[in-house]
Amino acid sequence: MGTRGIRIEGLRKRYGSGDTAVDALRRVDMHVEPGEVVGLIGPSGSGKSTLLKCLGAVIDPTAGRMTLGDEATYDDGWKVRDLRALRRDRIGFVFQAPYLIPFLDVTDNVALPPMLAGAPNAEARARALELLAALDVRHRARAMPSQLSGGEQQRVAIARGLVNRPPVILADEPTAPLDSERAMAVVRILNDMARRFETAIIVVTHDEKIIPTFRRIYHIRDGVTHEEAGEGRAFE
Amino acid sequence: MISLAGRDILHAWGKFIFTGFGLGLLIGVTLVMAGVYRGMVDDGKALLDNSGADLWVVQRDTLGPYAESSSLHDDLYRSILAMPRVARAANVTYLTMQVRQGGQDVRAMVVGIVPSGEVCAPGWPPHLVAGRQITRGHYEAVADVATGFATGDRIRIRRNEYTVVGLTRRMVSSSGDPMVFIPLRDAQEAQFLKDNDAILQGRRRTEANPAFNRPGVPGLLEAAIDSQSSNAYVNAILVRLEPGASPSQVAETIRRWKRLTVYTRAQMEEILVGKLIATSARQIGMFLAILAVVSAAIVAFIIYTLTMDKIREIAVLKLIGTRNRTIAAMIMQQALALGVIGFAVGKITATFAGPFFPKYVLLLPRDAVSGLLAVLAICALASLVAIRMALRVDPAEAIGG
C-alpha cells in the first residue's frame with residue numbers, strides 16, 4: 001500500500017438498537033490502490049449508499065477500521081475529530097447528478113473546495129482552470145452550470161472532486177443520467193484522472209455499460225462485500 | 001473566499017430586486033408613518049415658535065388654548081402688560097372651522113389677532129411670503145399658503161367676507177390645519193355669532209324672564225340683551241418677556257397675582273406633544289409595530305423560501321466541507337441585502353410620496369438611520385429561521401439512496 005488509497009477492514013454499520021436494529025453493513029473489507037478505479041455494485045438495499053456515506057465521513061460506522069492514505073480515519077469507535085475538514089481535504093465526491101452550485105460559474109464551482117480550504121482565490125482558480133483544461137472544458141470556464149450540457153456538467157463535477165488532490169474519490173452513479181457514449185467518456189476520464197493524480201476512485205454503479213470497464217469489482221450483498229476481478233475491457 | 005451570497009443575488013437579481021421592491025413599499029409606508037408623527041410634533045413646535053410668545057396665559061385650571069377651551073376677559077391683557085418684565089401682551093382667539101372660498105371649503109384654524117400695525121406682535125404671523133400684514137380693524141385676512149388662497153381672494157368666515165391681503169407659510173395648528181389670521185374683533189364675533197333665529201329666540205327668552213324685564217327698572221332688559229349679543233372674551237393672552245427675564249418667575253408672578261394659569265414654552269410643548277398628540281402617537285406606534293412584524297414575517301418567509309430552493313446545494317456545500325458559519329453568513333447576508341434594497345426603495349418612495357400626503361410628513365435623517373438599523377435587525381432576526389433550517393440539512397442528502 002502506498003501513501004494514498006483507501007483501506008477498509010471489517011466495517012459494520014447498525015441503525016437503531018434492540019429489536020428494531022438493522023445491520024445495513026455487516027462486514028465490509030475493501031482496498032483501493034492509488035491510481036485505481038474499482039466498481040462497487042449491488043442490488044437496491046444491499047448497503048451501497050450506507051457504505052458510501054460511511055466512506056464519505058457523513059455517517060459514523062458502528063465498528064471496523066478505515067484508513068485514508070496512511071492515516072486512520074475511523075477505528076472501532078474512534079474517529080477523526082474534524083470530519084468537515086476530512087471531507088474537504090481528503091475525499092472527493094462525484095454525484096449521480098452533477099449538483100453544481102447554480103449561482104457560481106464553472107471556474108468558481110471547481111475552485112470552491114480549495115477556497116474553502118483557505119487557498120487564495122487566484123491560486124484556487126488557477127488550479128481549477130488547470131483541471132478544466134485536463135478535462136477538456138476549459139473553454140466553458142466562464143459559463144454558468146445551466147449553460148452546460150450534461151456531459152460537460154459531469155466533467156466539471158469531476159474536476160471539483162479532484163481539485164483538492166484527495167487520496168480518494170467517491171463517485172455515486174456518475175454515469176446514470178448519461179447516454180452510452182458520454183458514460184464511457186466519463187469512465188475514461190475517471191481512469192485518466194486516477195492515474196494522473198494517483199487517486200483511488202470508488203464508483204458505485206448500476207450501469208451495465210460501464211461495469212466491464214473495471215479491473216476489480218466489489219459486490220455488496222446484504223451488507224457484505226465480495227471482491228472479484230473485472231474485465232477491464234475498455235482500458236486495456 | 002468569494003461571496004456566496006453576492007453571487008446568488010447576482011444570479012437571481014430579478015427575484016431579489018422585485019422582492020426588495022415589494023418590501024421597500026412596505027418600508028416606505030413605515031417611514032411615512034414615522035414622518036407623519038414627526039410632522040405632528042413639528043406642527044406643534046411650529047405653532048409655538050410662530051406665536052412668538054414666551055408665556056401663554058389661559059383660563060385657570062385649563063390646558064388651553066390648544067388642548068382645552070379657555071376663556072378670558074379681553075381686558076385682562078392690560079393688567080398682564082403692567083406686570084414686571086413683561087414686554088408685550090396680546091389677546092388671541094383660536095377657532096377651527098371650514099373657511100369658504102367660492103364653492104369650496106378649506107379646513108383652517110382661524111386666529112384672531114390685534115391689528116396694531118406692530119410687526120411681529122405676539123400671535124402675528126412672523127413672516128409673509130406675499131402681500132402685507134393686517135392693518136385694518138375688520139375684514140382683512142392673512143392666510144397660510146397651504147389653504148390654497150391667493151392675495152386678493154375673498155373668503156367667507158361665518159357671515160362676513162374677508163380679503164386676503166397677505167400669505168404666510170408653515171403657520172399651522174397642532175393638527176396640521178393651515179391658519180387664517182383675521183382681526184380680533186371679527187374673530188370674537190365669529191366665535192360666538194349665532195344665526196338670526198337663535199338671536200331672536202334668545203331675545204324672546206330674555207324678555208320673558210321677569211328678572212331682566214322689570215317694569216320699574218328701565219334699560220335693564222336692553223342692557224341684558226346687549227351683553228348677550230357681544231363677546232368680550234378671548235382664548236389666551238400671549239406674553240413676550242423682556243430680554244433676560246425668567247419665564248418661570250414671571251409665570252409664577254402672574255399665577256400668584258392674577259389667579260390665572262400660565263404656561264411656559266416648555267410646558268406648552270409638553271401639553272402639545274405629551275397630551276394633544278399622544279393618542280395619535282400611540283396609534284402610529286401601533287401601526288409601526290404591526291408593520292415591523294409584517295415586514296419581519298415577509299422577510300422570514302422570502303428567505304426561508306429562497307433557502308428551501310437551495311437545500312440540495314447546501315447539502316453539497318456541506319459535503320465538500322463548507323463551514324456552517326459560511327452557510328449561515330450566506331443566508332444572513334442575503335437577508336441583509338434584501339433589507340438594504342428594501343430600505344433604499346422605501347426611502348426613495350417615502351421621500352417622493354411624502355409631499356403628497358395631506359398631513360405634513362417630516363422625514364428626519366436620524367429616523368432614516370434608525371429605520372435602516374431596525375430593518376437590518378429585523379432582516380437578521382428573520383433570517384434565523386432559514387439559517388436554523390439550513391444548518392440542519394444533512395450533507396448525506398447530497399448522496400443518493
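Within every chain, numbering begins at 1; the chains are lettered A, B, ... in the order of the sequence lines, protein sequences first and strands thereafter. Atoms considered below: every heavy atom in the structure, side chains included; atoms not considered: hydrogens, waters and symmetry mates.
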Region of [X] that comes under 4.5 Å of a non-hydrogen atom in chain B:
X: Phe93(A); answer: side chain
X: Pro102(A); answer: both
X: Leu86(A); answer: neither

(request) List in chain and number order the residues that pass side chain to side chain donor-acceptor pair (under 3.5 Å) with Arg142(A), two or more places apart in sequence or in another chain; answer none if no residue qualifies. (result) Asp105(A)

(message) Is Leu4(B) close to chain A through its backbone or its side chain, or both, or neither, when contacts mean heavy atoms under 4.5 Å?
(response) both

(request) State, yes or no, whether a side-chain contact exists between Leu83(A) and Tyr74(A) at a heavy-atom distance under 4.5 Å. (result) no

(message) Is the terminal nitrogen or CZ of Arg170(B) (NZ for Lys, CZ for Arg) located under 6.0 angstrom from the six-membered ring centre of Tyr360(B) and within 45° of that ring's axis?
(response) yes

(message) Could you tell me if Lys347(B) sits above the aromatic ring of Phe343(B), with its cationic atom closer than 6.0 Å to the ring centre and no more than 45 degrees from the axis?
(response) no

(message) Quick check for you: among Leu116(A), Leu104(A), Val58(A), which has the greatest number of heavy-atom pairs under 4.5 Å with chain B?
(response) Leu116(A)

(request) Flag the one option from Asn324(B), Leu319(B), Val316(B) with the top tally of heavy-atom pairs under 4.5 Å to chain A. (result) Leu319(B)

(request) Using distance alone, with no hydrogens and no angle criterion, decide if Arg90(A) and Asn164(A) have a side-chain donor and acceptor under 3.5 Å apart. (result) no

